[in-house]
Colleague: 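Before I ask anything, let me first share the structure, which is written out below as structure tokens.
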Amino acid sequence: MFVSTEDTLPSFKGFTLIMPAVSVGNVGQLAADLLISTLSMPRAGHFHTDCLIPMAGSNPYVAAAEEAGQPSTNAEVYSRSDLKLAVLQIRTPVLQTKIKSFRKLLVSWIKSSAFSRTVLLSSSQAYQRDDQQLQGTALRYLLSPSLEEQVGEALRQLGWTQLERVSAFPGISDSEQRLYIPGGGITKGLYMDCCTEHLPMAVVLLFCSEGDNVPDAFALCNHLNDWLILVEKPAQGPAPWRIPPSWRLLFGSGIPPLLF
Amino acid sequence: MATFFGEVISVYSRAVEEDDYDNTEEENEEDVQIRREIEEKREVHVRWCQVVSKALESSENLNRIHLIIAVGQNAAGFISAHVLSAADWAQVGWVALWNERSHGSKRPDTAPLPGEPGCVLYQQDSCPSVLICQCTGYVAEDQLFQWAERVLGSVQKRGLSVTVLSDCPLAEYKSPDYMTSSGAPFLRALKTSMHVGTLPCPLLELPNIITGLPAAVLSHCQVHRIPAVLFQCFTDVIHPDSVTMETYKPILSSLSASVKLEASPSTEILQRLTRINDSQSNIYT
């Protein structure tokens, strides 16, 4: 259930929705953080649902706790109407028993909000890439049929690689090919739902492993920026992504000075 | 796969390794029914005494309720030692739920026995506007949302304000400086946007977060625009102890008109609450 911060419901008609799938290395979530922080997107509301594990904290995009204002919850929507962009940030895993209802909830919200397209940022286990997937870049995309008509050609011109189907029975028969996104969380399910519901959805994913996934998040954001041009890319060097203050101390507290 | 010597070795195969979540796709009717029954069994129910439930329904009697929710051994111990013993608090309800780790409280018609883990609601005859929920039982992850919804939903939303007391190990507190245990225990607060008033301690710094029941309650309050404040005590003692309990004292001073505080509780009560760490932890006794 979407609960607006204001008294009136904001209109997302024609907006692009970017959301992460809670997947390996949390790359999609980190990338969503970068987008919200870099574009200084204000919060439009909370996505209040029993499908996610509860969590609360200070505003992750404001450094000083005193200026933080509202606390943040496990799923929130940030938007900027001048960019016609909304980002749904998900901060906790989906409860195992509620995956289906969470997908249903997302699909109905995407439908009722009339987003023009949805971009799902995701990741997949690097160690499970098959021979053809091992070649070239680690970034892949998937388009639902309704979005394929609109942007399929543009993405091919950008040199993007579509996620290869893998054989269902490798080494025995290559006749049966299937979509396989290990470690992708709800990615495959939500993509399939959007295909059957004729919703325009793009999945942008990266093969990676668990670890320090900050570089992966930058790679995913840069890749996405090539297509959507969310931030101006300077003539030289990478796009100026702003790391949110909540990324501090990713590897724990300070170390005891007596150690040295 | 069988080897030359005949033993069977299971071979790791990518082909049969499914996506993490795919096994929930193919459900038959029986699976659905089992799932539904489990869900029903795990439902959270709030039981009020009859007198109170009537009063809660009619907003006239109680139009400005202050709900204090104490989660965890230290916060619950503080309530027992410093608050409940100071005045005539009566048990007015409880939260009935069942999960793998707390079987006891799923007796919908009997309240948790003294000392038994569970969630019990208290109220004072002389001052019915303050309710205390003392929560010592385990609430599973999938029940947290419902717990907050049911407990807070059973109280008049208009005029409601919530205070959550909770504790957490110091090891989970993240700070750029090295944390020595000399500073512990200490409090950090997190408040919803509707909460006004000064706080007796600093706000929770980034990147620290709150999880579990306190997070569920605060999220509910934030979304439903209920003024709420959460106090998290970071302690370096694993078991409940009287020093950690004392840290909660300044929080309730703002409620001193309605909640009487016992400044120095009897050693007998404190001993009963902290007995857990007496003998078992020492091989020489």
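Remember, it's a predicted structure, so these values are computed and weren't measured experimentally. In the text below, chain A, chain B and the rest are named by the order of the sequence lines, each starting its count at 1.
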Colleague: If I measure from the heavy atoms of chain B, does A:Thr5 come under 4.5 Å with its side chain, its backbone, both, or neither?
Modeller: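 The answer is the backbone of A:Thr5.
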Colleague: Under a 4.5 Å heavy-atom cutoff, which of A:Gly57, A:Cys51, A:Pro244 has the most pairs with chain B?
Modeller: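 Heavy-atom pairs under 4.5 Å are most numerous for A:Gly57.
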Colleague: So, taking the atom named CD in B:Glu205 and the one named CZ in A:Arg248, what distance separates them when rounded to the nearest 0.5 Å?
Modeller: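 Here the interatomic distance stands at 9.0 Å.
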Colleague: Output yes when a side-chain donor or acceptor of A:Ser58 lies under 3.5 Å from a complementary backbone atom of B:Leu204, and no otherwise.
Modeller: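 Checked: pair present.
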Colleague: Measuring from atom CZ of B:Phe145 to atom OG1 of A:Thr49, what distance do you get when rounded to the nearest 0.5 angstrom?
Modeller: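 Taking CZ in B:Phe145 and OG1 in A:Thr49, the distance rounds to 6.0 Å.
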Colleague: Give the member of A:Lys98, A:Arg91, A:His46 that has the highest number of heavy-atom pairs under 4.5 Å with chain B.
Modeller: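 Among A:Lys98, A:Arg91, A:His46, the one with the most close pairs to chain B is A:His46.
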Colleague: How close do A:Met55 and B:Ser219 get, heavy atom to heavy atom, and via which atoms?
Modeller: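 A:Met55 and B:Ser219 have their closest heavy atoms at O-OG, 3.4 Å.
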Colleague: Roughly how far, to the nearest 0.5 Å, is CD of A:Gln96 from CD of B:Glu141?
Modeller: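 Interatomic distance, B:Glu141 CD to A:Gln96 CD, rounded to 0.5 Å: 10.5 Å.
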Colleague: If I compare all heavy atoms of B:Ser193 with all of A:Pro71, which pair ends up nearest, and what's the gap?
Modeller: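 In this case the closest contact between B:Ser193 and A:Pro71 is N-CD, 4.0 Å.
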Colleague: Check the pair A:Asp50 / B:Gln146 against side chain to side chain contact (heavy atoms under 4.5 Å, CB included), numbers first and verdict last.
Modeller: CA-CA 7 Å; A:Asp50 62 344; B:Gln146 207 181 35; over 6 Å; no
Colleague: To check you understand the geometry: which heavy-atom pair defines the closest contact between A:Ser246 and B:Pro207, and what is its length?
Modeller: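 Closest approach of A:Ser246 to B:Pro207, heavy atoms only: O-CB, 3.4 Å.
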Colleague: Need one label for A:Ser4: side chain, backbone, both or neither, based on atoms under 4.5 Å from any heavy atom in chain B.
Modeller: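 Contact with chain B is through the backbone of A:Ser4 alone.
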Colleague: Of the backbone (N, CA, C, O) and the side chain (C-beta and beyond), which part of B:His224 lies under 4.5 Å from a heavy atom of chain A, both, or neither?
Modeller: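 Looking at B:His224, just its side chain touches chain A.
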Colleague: Does B:Lys249 have more than 12 heavy atoms from other residues, nucleotides or ligands lying within 6.0 Å of its NZ?
Modeller: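 Counting neighbours around NZ of B:Lys249, more than 12 heavy atoms of other residues, nucleotides or ligands fall under 6.0 Å, so yes.
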Colleague: Under 4.5 Å heavy-atom distance to chain B, tell me which part of A:Leu249 shows up: side chain, backbone, both or neither.
Modeller: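 Interface part for A:Leu249: both.
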Colleague: Give, as side chain, backbone, both or neither, the part of A:Thr187 having an atom under 4.5 angstrom from any heavy atom of chain B.
Modeller: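 Neither; nothing under 4.5 Å.
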Colleague: In Å and rounded to the nearest 0.5 Å, what is the CG to CG distance from B:Leu203 to A:Asn59?
Modeller: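 Answer for the CG-CG pair, B:Leu203 versus A:Asn59, is 12.0 Å.
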Colleague: B:Lys174, B:His220, B:His195: which one forms the most heavy-atom pairs within less than 4.5 Å of chain A?
Modeller: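 Heavy-atom pairs under 4.5 Å are most numerous for B:Lys174.
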Colleague: Please check if the number of heavy atoms outside B:Glu100 that lie under 6.0 Å from its CD is greater than 12.
Modeller: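 Buried by this count: over 12 neighbours within 6.0 Å.
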Colleague: What pair of heavy atoms forms the shortest contact from A:Val62 to B:Leu206, and how long is it?
Modeller: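 Shortest heavy-atom contact: O-CD1, 3.2 Å.
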Colleague: Identify which part of B:Asp142 has an atom lying under 4.5 Å from any heavy atom of chain A, answering side chain, backbone, both or neither.
Modeller: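 For B:Asp142, the contact with chain A is made by backbone and side chain together.
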Colleague: Who wins among B:Ile209, B:Val223, B:Thr211 for the most heavy-atom pairs under 4.5 Å with chain A?
Modeller: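 When all of B:Ile209, B:Val223, B:Thr211 are compared, B:Val223 has the most.
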